[in-house]
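Only heavy atoms go into these numbers, but all of them, side chains included; no hydrogens, no water, no symmetry mates.
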Amino acid sequence: MTAVQIGAPIPDFSVPSTQGEFSAAELKGKMTVLYFYPKDNTPGCTTESQNFRDALPEFEAAGAQIIGVSRDSLASHERFIDKQALNFALLADTEERLCELFGVMKMKNMYGKQVRGIERSTFLIDAQGVLIQEWRGLKVPGHVQAVLQAVQQAA
């Protein structure tokens, strides 16, 4: 059982981000798309981040901010942002506090070996800091458009 549940407020947290310390208080006042991805500069994660980057004006028009999360360091995030011209903050969850809070850590098969990593997941949080929708174990193609539709319907 994860600590976050649809219909409940997101518990307090604080993690470093590429734009300074980020806490649950930053979720208030506008909708937030919080997306968890396995690793900076890998093919699926790069495509997903580019898709969110390209759709950011539409998300902002609907009153939402986008925040990416992985276990990578701030230095890795900075390189990823520079290389991909990302226009939103990335959270460095190196201690897996948010990963545990949102229950995104899973055992996965990678080249025939079991490894523990982030299951690609996205969470939609309303302007009061309440979780209103989640997508777990998702595939990148079409995902950002599905999230954008949910944001527009919730706006």
One thing to verify: whether [Y] and [X] come together as a salt bridge, which I'm taking to mean a side-chain N less than 4.0 angstrom from a carboxylate O.
{"X": "E78", "Y": "K83", "answer": "no"}
{"X": "R120", "Y": "E134", "answer": "no"}
{"X": "E119", "Y": "K108", "answer": "no"}

Of P16, S14, S17, the residue whose pairing with F22 passes side chain to side chain contact (heavy atoms under 4.5 Å, CB included):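 Testing each of P16, S14, S17 against F22, the sole residue satisfying side chain to side chain contact (heavy atoms under 4.5 Å, CB included) is S17.
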Euclidean distance, [Y] [atom2] relative to [X] [atom1], rounded to 0.5 Å:
{"X": "S121", "Y": "F102", "atom1": "OG", "atom2": "CZ", "value": "10.5 Å"}
{"X": "L27", "Y": "T32", "atom1": "CG", "atom2": "OG1", "value": "4.5 Å"}
{"X": "I10", "Y": "Q128", "atom1": "CD1", "atom2": "CD", "value": "12.5 Å"}
{"X": "Q19", "Y": "L91", "atom1": "CD", "atom2": "CG", "value": "9.5 Å"}
{"X": "K30", "Y": "Q65", "atom1": "NZ", "atom2": "CD", "value": "5.0 Å"}

Test log, rule side chain to side chain donor-acceptor pair (under 3.5 Å), inputs Q50 and Q84: CA-CA 7 Å; Q50 290 169 337; Q84 301 304 327; 2.7 Å; yes
Heavy-atom closest pair, residues [X] and [Y]:
{"X": "V4", "Y": "R136", "answer": "CG2-NH2, 4.4 Å"}
{"X": "A64", "Y": "V151", "answer": "CB-CG1, 3.7 Å"}
{"X": "R71", "Y": "G117", "answer": "NH2-CA, 3.8 Å"}
{"X": "V130", "Y": "G7", "answer": "CG1-C, 3.5 Å"}
{"X": "A150", "Y": "Q133", "answer": "CB-OE1, 3.4 Å"}
{"X": "S73", "Y": "T94", "answer": "CA-CG2, 4.0 Å"}

Do [X] and [Y] share a hydrophobic cluster (ILVMFWY, side-chain heavy atoms under 4.5 Å, transitive)?
{"X": "V69", "Y": "V15", "answer": "yes"}
{"X": "L101", "Y": "M105", "answer": "yes"}
{"X": "Y37", "Y": "L124", "answer": "yes"}

Side chain to side chain contact (heavy atoms under 4.5 Å, CB included) assessment of Q5 paired with L131: CA-CA 7 Å; Q5 293 182 350; L131 179 62; 5.8 Å; no
Side-chain touch [X]/[Y], heavy atoms, less than 4.5 angstrom:
{"X": "I132", "Y": "I6", "answer": "no"}
{"X": "S70", "Y": "D93", "answer": "no"}
{"X": "E48", "Y": "R53", "answer": "no"}
{"X": "L90", "Y": "F80", "answer": "yes"}
{"X": "Y111", "Y": "N109", "answer": "no"}
{"X": "F88", "Y": "F59", "answer": "no"}
{"X": "I125", "Y": "L34", "answer": "yes"}
{"X": "V147", "Y": "V144", "answer": "no"}

When you measure from the side chain of [X] to the backbone of [Y], do you find a donor-acceptor pair of N or O atoms at a distance under 3.5 Å?
{"X": "D72", "Y": "D40", "answer": "yes"}
{"X": "S49", "Y": "C45", "answer": "yes"}
{"X": "T42", "Y": "K39", "answer": "yes"}

Parallel, tilted or perpendicular, as decided by the 30° and 60° cut-offs, for the rings of W135 and H143: perpendicular
Full working for side chain to side chain contact (heavy atoms under 4.5 Å, CB included) between I67 and V33: CA-CA 6 Å; I67 308 288; V33 173; over 6 Å; no
Pair Y35 and F123, ring centroids less than 6.0 Å apart: no
